[in-house]
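Below: the structure, in structure tokens.
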Amino acid sequence: MNMLRKSYILLTFMLAVIFTSNADEGMWMLQQLRQQKLSAMHELGLKLEDYDIYDPAGTSLKDAVVQFGRGCTGEVISSQGLVLTNHHCAFGQIQQHSSLENNYLEEGFWAMRQEDELVNPGLTVTFIDQIEEVTGWVKDCLVRDREKDTDGLFYLSPSYLNGIAREKAGEQFLKDHPGTEVEIKPFFGGNQYYMFTKKIYSDVRLVGAPPSSIGKFGADTDNWMWPRHTGDFSLFRIYADKEGNPAKYSPTNVPLKPKRWLTVSTRGVEENDFAMILGFPGSTHKYYTSWEVAERRDIDNSVRIQMREVRQHAMLEEMLDDPAVKIQYASKYAGSTNAYKNAVGTSWAIDMRDFEGLKREQQTRLIEWSRHNKKPQYTEALNEIERIVKERAGLRYRSWMLNEAIVRGVEFAAVPTAAADSLLQALVQEDQAEAERQLQLLEDAFRRFTNKDYNPEVDRKVAKEMFDAYIQSLPRESYPAAFNQLFTDFEGDIGRYVDHLVDHSLFSSEENFRRFATGKPDPETLRNDPLFHFARSVRDEAASLRSQQAVFDVPLSLARRIYMEGLLAMEEPYALFPDANLTLRLSYGQVKGYQPRDGVVYRHQTTIEGVMEKEDPGNWEFVVPGKLRKLYREKDFGPYTLSNGSLPVAFAATTHTTGGNSGSPVMNGNGELIGINFDRNWEGVGGDIQYLPDYQRSIIVDIRYVLFIIDKYAGASHLISEMEIN
Ligand code: ARG
Ligand code: ASP
């Protein structure tokens, strides 16, 4: 081979490595492991075959992995349906069961007998029974249904795709299999389709959770950070009817006998050990163009960062002032800061690691390839994306502002307008019976709005600050119409305006609502209600912004589909993985530390020494429970002790994960459970757009710390006996 040819091959190879996938990058579909990544996994230390992980004909590891609720992952770890997930995935449930008297958030919760396990209405656990490629079938259906497809978006529409999924499965099949649902999801922007047959269990009970001082240790300061010292886990149990089928809660339900559960390994991890993760990553943007990268930084993230800083500051002041408010707002606050810090980290990575430049190189390569292969449509698709991103900027900024500052920022923007609309209509039409029915519905909606975690005084304070920030960021003609009143009646005095809204609305207190609802409700009172008026105006503005932006949706999705088709055509078959879309994926890599900054090295494992180093009784985020301190002092770590006498807490791995992977099982080369995924490092969250092998790490709670807390801290050894431990 001549030199030139050799170096050409080398160059193509290097480019392919840069542009397709880095080592350890990827959230792979389970069906193609053999063609895609099995040999790379074997090289790193996997001892299993692809069919041990995913076997369409029998049971395999994937049968022990569940989607937990809507946004997390969990794993079955006993023959009696015991499920592990994160503490933060169960935070809402633990909070719901908590009160000042029984504060499970604060104290932890352990069911010492099955009868004591706590029921969680609305919580589900989903198994994936079957996965099938259905691209051909979907394309045929799209041709068949093209007349009905007026917007031209059927190819991405969940309701359309799920409709044809049911058609494919057959109503009889679904009737014969209670709790079974089918779903078709688009991959690569609608270039491929897969159908998932799912079994959904809805009686899922809380079995155990450590106190937040363990399960959320480090809270927001440590969130998205390595080195980490959080015992972020909780335990649930799946219940089924006597036949093992999904059934809604009933005291006669029994623990599920699952097809498969994971074996736990307490042998621990060394640096560079193989690790893999099965789970349900939610969403990534690997195939963003450079323009979308910039849009994400300059509009989406920038607005989010600015508005959430205001909101969180206001909330935190109230929370630190009053322990009852701290319970009420714990979940909202955590949710807000979580996405906030992610936005900060992502924008940092976009700049620091030049994501725009990386994506531009990928585009340039496609443009050259399409010129060479006479496929101008791919270059045109790129031009189209660039044009649309530019044109939608103004509207996008306004809607992100409205959304972050008001819709998600101020709770009273969500008073039940739809129910109030219907009641108003019935009152105006003097339809007595209908009015009574609607009043009842409005009352139900009002109760949901003012639930036990709603505090009108906190909301009032937050609203004043959010309105102020919003108004300063946008010109007056961009506000929802209701804001006119702020300038006409209140001379721009936000404090008085908000007080007026809150003090004179039937939605602002039980008393006001009763006054309105007793006797014959007056349609004028309702029509002029300040919060109703305000929320309706916000709703209308949001709808108007949505419809103005909708003109971009069809051409953008289409251009993106074509761009993706070009990338797929240009790369080797099987080289690319589809962006995450809440479907079951596998990520693999190695246990590894990293160098966050020049001259700084982080190790791969943390221990209880770090918990004690961080302890700060005066700071709610770093309180160490007395019992844990005592176990530490006595070095009473039982079978979980490291060779140096300490206790492992967490480790980091190069596995490519994202939101939705929380709670995912982390397994060794034998497929045994060695940890639970719960986070990523701040320097690596940009991996949703571009995986960086040197920076991105999954943060994983070591299974030995989990077992230690269950066993030694909580004394719930009956749960340990349920598991299979190697
Ligand atoms: N960052 C992790 C994830 O995205 C954990 C979030 C929960 N913790 C918190 N402090 N908000 O879900
Ligand atoms: N903490 C995330 C989750 O809840 C995981 C991540 O974003 O890495 O899924």
Side-chain angles (χ1 to χ4, degrees), residues 27 65-75 84-95 105 209-210 212-226 228-234 275 277-285 304 308 311-312 315-316 319 326 329-346 349 579-585 587 589 619-622 650-666 675-689 691-692 695-701:
M27 301 170 179
V65 183
V66 295
Q67 185 166 26
F68 185 86
R70 269 174 289 270
C72 279
T73 304
E75 51 277 0
L84 259 182
T85 187
N86 292 142
H87 184 267
H88 79 260
C89 294
F91 201 75
Q93 279 82 29
I94 304 169
Q95 181 187 27
L105 278 180
S212 294
S213 52
I214 291 173
K216 198 183 157 71
F217 182 75
D220 303 302
T221 301
D222 269 11
N223 189 27
W224 301 115
M225 298 290 232
W226 183 257
R228 192 65 155 273
H229 299 89
T230 314
D232 195 345
F233 79 95
S234 61
I277 294 187
L278 285 171
F280 293 84
S283 128
T284 56
H285 304 279
R304 171 160 286 174
R308 290 197 182 199
R311 175 164 184 247
Q312 287 157 199
M315 268 164 58
L316 189 61
M319 288 167 70
K326 194 174 156 205
Y329 279 73
S331 205
K332 289 171 202 166
Y333 185 80
S336 180
T337 56
N338 191 44
Y340 160 79
K341 211 163 172 182
N342 182 305
V344 173
T346 302
D579 265 323
N581 60 355
L582 272 187
T583 57
L584 184 57
R585 303 294 180 92
S587 306
N619 176 353
W620 68 278
E621 296 187 290
F622 294 99
F651 64 91
T654 61
T655 38
H656 193 185
T657 49
T658 189
N661 269 123
S662 273
S664 297
V666 183
I676 314 169
N677 183 69
F678 71 98
D679 207 6
R680 271 170 295 156
N681 56 331
W682 178 86
E683 301 88 348
V685 292
D688 286 352
I689 298 175
Y691 177 86
L692 294 164
Y695 293 98
Q696 175 154 356
R697 295 293 177 267
S698 300
I699 297 179
I700 297 154
V701 51

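Because the structure is predicted, anything quoted here is derived from the model rather than measured. Counting starts at 1 for both ligands and their atoms, in listed order.
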Part of N338 within contact of ligand 2 (heavy atoms, under 4.0 Å): neither
Side-chain ion pair, D679 and R228, N-O less than 4.0 Å: yes
Residue pair L316 / Y333, side-chain heavy-atom distance below 4.5 Å: yes
Polar proximity ligand 2 side, F678 side, N/O cut 3.5 Å exclusive: yes
Heavy-atom check, side chain of R697 versus side chain of W226, under 4.5 Å: no
SB check D222 K216 (cutoff 4.0 Å): no
N or O contact, T657 vs ligand 2, cut-off under 3.5 Å: no
Ligand 2 to N677 polar contact by distance, N or O atoms, under 3.5 Å: no
Interfacing atoms of ligand 2 (cut-off 4.0 Å, heavy-atom, G659): 2 (C), 3 (C), 5 (C), 6 (C), 7 (O), 9 (O)
Close-contact set for ligand 2 against N661 heavy atoms, below 4.0 Å: 9 (O)
Backbone of N677 reached by a side-chain donor or acceptor of S664 within 3.5 Å: no
Sub-4.5 Å side-chain heavy-atom contact between T583 and F280: no
Side-chain heavy atoms of T658 within contact of M27, under 4.5 Å: yes
Atom 8 (O) of ligand 2: the protein heavy-atom neighbour that sits closest, reported with distance to 0.1 Å: R680 NE, 2.7 Å
Sub-4.0 Å heavy-atom contact, G660 with ligand 2: yes
Donor on one side chain, acceptor on other, S336 and Q312, under 3.5 Å: yes
F217 and H229 aromatic centres sub-6.0 Å: no
Proximal protein residues to ligand 1, non-hydrogen atoms under 4.0 angstrom: H88, K216, A219, D220, N223, W224, A334, N338, S662, F678, D679
Heavy-atom side-chain proximity of F91 to S212 below 4.5 angstrom: yes
CA sep, side-chain torsions, deciding dist, call: T85, T73, side chain to side chain contact (heavy atoms under 4.5 Å, CB included): CA-CA 7 Å; T85 187; T73 304; over 6 Å; no
Heavy-atom nearest option to atom 2 (C) of ligand 2, drawn from C89, G71, A339, S662: S662
Interfacing atoms of ligand 2 (cut-off 4.0 Å, heavy-atom, H88): 1 (N), 3 (C), 4 (O)
Close approach of W224 to ligand 2, heavy atoms, under 4.0 angstrom: yes
